[in-house]
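Note that the coordinates shown come from a computational prediction; the quantities given were computed from them, not determined experimentally. Just so it is clear: chains get the letters A, B, ... in the order the sequence lines come, proteins before strands, and each one is counted from 1.
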Amino acid sequence: MCGRYNLKTGSHELAAVFAALRGDQFHWEPRYNIAPTQPVVVVRLREDRQRELSLLRWGLVPSWAKDPARAASMINARSETVDTKPAFRAAFKRRRCLLPATGFYEWRQAGRSRQPVLIRLQQAEPFAFAGLWETWTDPAGGELETCTILTTAANGLLAGLHDRMPVILAPDDYEDWLTCPEPELPSLHRLWTPYSAKQMELVDVESYVNNVRNEGPECERPVSRGLFD
DNA sequence: CCAGACGTTGTT
DNA sequence: GTCTGG
DNA sequence: CCAGACGTTGTT
DNA sequence: GTCTGG
């Protein structure tokens with residue numbers, strides 16, 4: 001679930017919308033087809049508690065992993081168990097983040113094939129997935145920073161596609177998610193409520209988005225329908 | 001005590 | 001079928 | 001998430 | 001890192 005998304009917002013607007021500083025050499029050009037293992041934008045807290053925009057690899061690698069190659073398998077984390085799973089609980093305590101997005105893609109079973117569907121909010125502004133990040137150090141001392149997107153139960157609109165959906169946070173909850181102190185972590189459960197279906201819309205799009213090498217507005221192009229479809 | 005394992009989700 | 005790469 | 005690779009031996 | 005097995 002939630003294995004592909006887009007972020008059509010540039011660096012400057014991201015910094016404004018999320019009230020975040022741009023980290024070292026942070027730069028982002030609009031993307032229409034973001035896939036696992038690629039660099040993605042996260043908002044996280046610096047030591048001084050200021051928000052910072054960074055680029056991290058999508059697919060969390062636990063700090064104790066021997067080989068980071070399998071990162072693509074941990075692109076999502078179930079919110080219900082994120083506090084106990086060995087791969088996520090450390091990050092949940094101290095390394096929560098936001099992943100800005102403007103839409104995400106799901107694939108609906110359509111007969112023998114799979115139909116890509118774009119899900120977006122009825123707002124122009126980018127929204128935020130709830131995420132976690134982690135640091136992995138290779139034998140030579142090089143550091144790899146990775147992240148994952150939390151999932152929750154699907155709302156009524158998305159239930160037709162899947163039983164899960166990404167956790168989308170309301171702007172008023174950004175600060176709580178990022179700063180909540182450890183003793184109060186259980187109170188964050190309220191943030192994992194499925195996002196309101198009323199503010200979402202689904203668009204069947206062309207299969208162009210299927211291939212991760214494809215990029216650009218064509219990824220959002222609605223499927224053309226014949227008169228009698 | 002040490003050694004060694006541990007990944008996750010969502011799909012069918 | 002299953003794993004890897006993007 | 002999807003796309004695409006994945007092969008082994010023995011012989012030349 | 002933390003838990004399990006020995």
Categorize [X] for me: base, sugar-phosphate, or nothing, with a 4.0 angstrom heavy-atom threshold over every strand shown.
X	value
Thr151(A)	sugar-phosphate
Ala65(A)	base
Phe88(A)	sugar-phosphate
Gln109(A)	sugar-phosphate
Asn33(A)	nothing
Val61(A)	base

Main-chain N/O of Leu161(A) paired with Gln109(A) side-chain donor or acceptor, under 3.5 Å: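 No, the answer is negative, given that no donor and acceptor are paired below the 3.5 Å cut-off.
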
Short side-chain N/O contact from Thr81(A) to OP1 or OP2 of dT9(B), under 4.0 Å: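 Looking at the OP1 and OP2 atoms of dT9(B), one of them is under 4.0 Å from a side-chain N or O of Thr81(A).
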
Rounded distance in Å between the C1' positions of dA5(B) and dG5(C):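 My reading of the C1' atoms in dA5(B) and dG5(C) gives 26 Å.
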
Rounded distance in Å between the C1' positions of dC1(D) and dT8(B):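 Taking atom C1' in both dC1(D) and dT8(B), they lie 14 Å apart.
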
What is the distance, to the nearest angstrom, from the [atom1] atom on [X] to the [atom2] atom on [N]?
X	N	atom1	atom2	value
Lys85(A)	dG10(B)	NZ	C1'	13 Å
Tyr208(A)	dA3(D)	OH	C1'	15 Å
Arg108(A)	dT12(B)	CZ	C1'	18 Å
Leu60(A)	dT8(B)	CG	P	10 Å
Arg89(A)	dC6(B)	CZ	P	14 Å
Arg114(A)	dG10(B)	CZ	P	13 Å

Donor-acceptor contacts under 3.5 Å from residues 178-188 of chain A side chains, at least two apart:
from: Thr179(A); atom 1: OG1; to: Glu175(A); atom 2: O; distance (Å): 2.7
from: Ser187(A); atom 1: OG; to: Glu184(A); atom 2: O; distance (Å): 2.6

DNA chain D: stems of at least 3 consecutive Watson-Crick or G-U pairs whose donor-acceptor distances fall under 3.5 Å: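 The stems are C:1-6 with D:1-6.
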
Heavy-atom side-chain proximity of Ile149(A) to Tyr5(A) below 4.5 angstrom: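 A side-chain contact under 4.5 Å exists here.
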
Aromatic stack Trp64(A)/dC6(B): centroid gap under 5.5 Å, interplanar angle under 30°: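 By the stated criterion, Trp64(A) and dC6(B) stack.
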
Polar side chain donor-acceptor pair, His27(A) to Glu29(A), under 3.5 angstrom: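 Yes.
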
Whether Trp192(A) and His189(A) hold their rings parallel, tilted or perpendicular, with breakpoints at 30° and 60°: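 The rings of Trp192(A) and His189(A) sit tilted, inter-plane angle from 30° to 60°.
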
Remaining members of hydrophobic cluster (4.5 Å side-chain criterion), Trp64(A):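 So far as hydrophobic clustering goes, Trp64(A) is joined with none.
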
Hydrophobic cluster of Leu144(A), others only, ordered by chain and residue number, side-chain cut-off 4.5 Å: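 Listed partners: Val61(A), Trp136(A).
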
Any residue meeting salt bridge (charged side-chain N to carboxylate O under 4.0 Å, His left out) with Arg221(A), in chain and number order, not counting sequence neighbours: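 If we apply the salt bridge (charged side-chain N to carboxylate O under 4.0 Å, His left out) test to Arg221(A), skipping adjacent residues, the hits are Glu206(A).
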
Look for any protein N or O under 3.5 Å of an N or O in nucleotides 2-6 of chain C and output each such pair with its distance, or none.
from: dG6(C); atom 1: N9; to: Thr37(A); atom 2: OG1; distance (Å): 3.4
from: dG6(C); atom 1: N7; to: Pro36(A); atom 2: O; distance (Å): 3.3
from: dG6(C); atom 1: N7; to: Thr37(A); atom 2: OG1; distance (Å): 2.8

